[in-house]
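A note on names: the letters A, B, ... follow the listed sequences, proteins ahead of strands, and every chain is numbered from 1.
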Amino acid sequence: MEPVHPEFVPDASLSRAEMETLQRDIAEQAVFADDLPFDPDTVCRHRESGQQQLDETGGGDGGNPGEAPIVLGVDQAFLDDERAVSALVAMRNGEVIERVHAVAPTEIPYIPGLLSFREGGAILAGFRELSVEPDIAFFDGSGRIHFREAGIATHIGVMLDLPSIGVAKSLLCGTPRSSTEGLAEGERVPIEADADVTAPDGTVIGHAVQSRQYDSPNRHINPLIVSPGHRVSAETAADLVLACSAGYKLPEPTRLADQYADEAKKTVGT
DNA sequence: GCGACAG
DNA sequence: ATCTTGTCGC
């Protein structure tokens, strides 16, 4: 698929100030409320068994009528300091229906807050290779949990006008409403905007989500940090990540994209 | 100047 | 993200 908003294509040649201005413009266009082309409850409830569900009706307006929604996992790996590989894995009803990958220059180093300008090129190249129409995409990193409410999931989601969610392993900014330690599997803690975020203080910009947890004493797993990218609410984003989890910390689309990115990295060679 | 910071 | 074997604890 191609960008619906070419003016938001991440341009690594912009100055830092211009990048930040672009992010504010993107955040203005972002929709942090549910506007999905499918019913969130129809996304396959994965579950440890790895067993799939039979699809019933599965669709709202717009998307893939009569079938369960297509959930896309997107993740990047690096061949070296100047080339990124983006891997995209599309799933429906818990099964992979397409996998594509693409390589593109990174152009700029990693700078907290500007991740989409480093990895965006590879991601866009990956989307050009994709033939199916995803209903929603999971990105590695933040969405609204970002200084200017425009993390990589929001940036790419708005540019493509594709519902999106950010799935990160650690917190970029914002403040958990309560302790995120000792959560049981399935539990979540709201992450609120603070002085570091453009949203009004106290705005719920995402959640710490315990997608997996050991049942015993010493030894625990840290929660995922989930935030809305575009056209999804913070609550539904967390619901969908849990629905797509299958016994691992990362939701299946993300876990498989992660795995595929490493595989592609070795295949592409140097 | 110091701190803090997705991947 | 990436460099990497064993190892501690489910």
- Message: Rounded to the nearest 0.5 Å, what separates atom CG in L114(A) from atom OG in S116(A)?
- Response: 7.0 Å
- Message: Quick check on H220(A): does its NE2 atom have over 12 non-hydrogen neighbours (other residues, nucleotides or ligands) under 6.0 Å away?
- Response: no
- Any residue of residues 219-230 of chain A with a heavy atom less than 4.0 Å from an atom of DNA chain B: none
- Message: Pairs counted only when both distances fall under 3.5 Å, Watson-Crick or G-U: show me the 5' to 3' dot-bracket for DNA chain C, [ ] for pseudoknotted crossings and | for other-strand partners.
- Response: ..........
- Decide yes or no on side chain to side chain contact (heavy atoms under 4.5 Å, CB included) for V232(A) and D34(A), but give the supporting numbers first. CA-CA 4 Å; V232(A) 67; D34(A) 293 326; 3.6 Å; yes
Which donor-acceptor pairs under 3.5 Å do side chains of residues 161-174 of chain A form with protein atoms, sequence neighbours excluded?
| unit_1 | atom_1 | unit_2 | atom_2 | d |
| --- | --- | --- | --- | --- |
| D161(A) | OD1 | H230(A) | NE2 | 3.2 |
| S164(A) | OG | A153(A) | O | 2.7 |
| S164(A) | OG | H230(A) | N | 3.2 |

- Item | Pair assignment for DNA chain B - dot-bracket with | for other-strand partners, Watson-Crick or G-U under 3.5 Å | .......
- Taken in chain and number order and not counting sequence neighbours, the residues that satisfy ring pair (Phe, Tyr, Trp, His ring centres under 6.0 Å) with F117(A) are H155(A)
- Judged by nearest nucleotide, the residue sitting upstream toward the 5' end of DNA chain C, D215(A) or D262(A), is D262(A)
- Please collect all side-chain hydrogen bond (donor to acceptor under 3.5 Å, both in side chains) contacts where either partner lies in residues 119-130 of chain A, sequence neighbours excluded, each pair once. Q76(A)-E119(A)
- Same cluster (ILVMFWY, side-chain, under 4.5 Å), I26(A) and F147(A): no
- Can you name the side-chain hydrogen bond (donor to acceptor under 3.5 Å, both in side chains) partners of R148(A), sequence neighbours left out? Q23(A)
- Task: Would you classify A77(A) as touching base, sugar-phosphate or nothing, given that sugar-phosphate means primed atoms plus P, OP1 and OP2, and contacts are heavy atoms under 4.0 Å?
- Result: sugar-phosphate
- Message: So R255(A) and K249(A), do their side chains get closer than 4.5 Å, heavy atoms only?
- Response: no
- Message: Do the side chains of R16(A) and E20(A) get close enough for a salt bridge, i.e. N-O under 4.0 angstrom?
- Response: yes
- Message: For the CG atom on D201(A), are there more than 12 heavy atoms of other groups (residues, nucleotides or ligands in this structure) within a distance under 6.0 Å?
- Response: yes
- Sorted by chain and number, sequence neighbours left out, side-chain hydrogen bond (donor to acceptor under 3.5 Å, both in side chains) with T21(A) holds for none
- Does the side chain of S131(A) come under 3.5 Å of the side chain of E98(A) through a donor N or O and an acceptor N or O? yes
- Salt bridge R83(A)-D80(A), side-chain N to carboxylate O under 4.0 Å: yes
- Message: Heavy atoms within less than 4.0 Å of DNA chain B: which residues of residues 14-22 of chain A have one? Give them sorted by number.
- Response: none
Would you tabulate the nitrogen or oxygen pairs shorter than 3.5 Å linking the protein to nucleotides 4-7 of chain B?
| unit_1 | atom_1 | unit_2 | atom_2 | d |
| --- | --- | --- | --- | --- |
| dA6(B) | OP2 | Y110(A) | OH | 2.7 |
| dA6(B) | N7 | G113(A) | N | 3.1 |
| dA6(B) | N6 | G113(A) | N | 3.3 |
| dA6(B) | N6 | G113(A) | O | 3.1 |
| dA6(B) | N6 | L114(A) | N | 3.2 |
| dA6(B) | N6 | L115(A) | N | 3.1 |
| dA6(B) | N1 | I152(A) | N | 3.3 |
| dA6(B) | N3 | S142(A) | N | 3.0 |
| dG7(B) | OP1 | K169(A) | N | 2.7 |
| dG7(B) | OP2 | S170(A) | OG | 3.4 |
| dG7(B) | O3' | D140(A) | OD2 | 2.6 |

- State which residues pass ring pair (Phe, Tyr, Trp, His ring centres under 6.0 Å) with Y260(A); sequence neighbours excluded, sorted by chain then number. H101(A)
- Item | First-last contacting nucleotides on DNA chain C - partner chain A, under 4.0 angstrom, heavy atom | dA1(C) to dC10(C)
- Note: R188(A)-D239(A) ion pair, threshold 4.0 Å (strictly below): yes
- Taking atom CD of E181(A) as the centre, report whether more than 12 heavy atoms of other residues, nucleotides or ligands fall under 6.0 Å from it. no
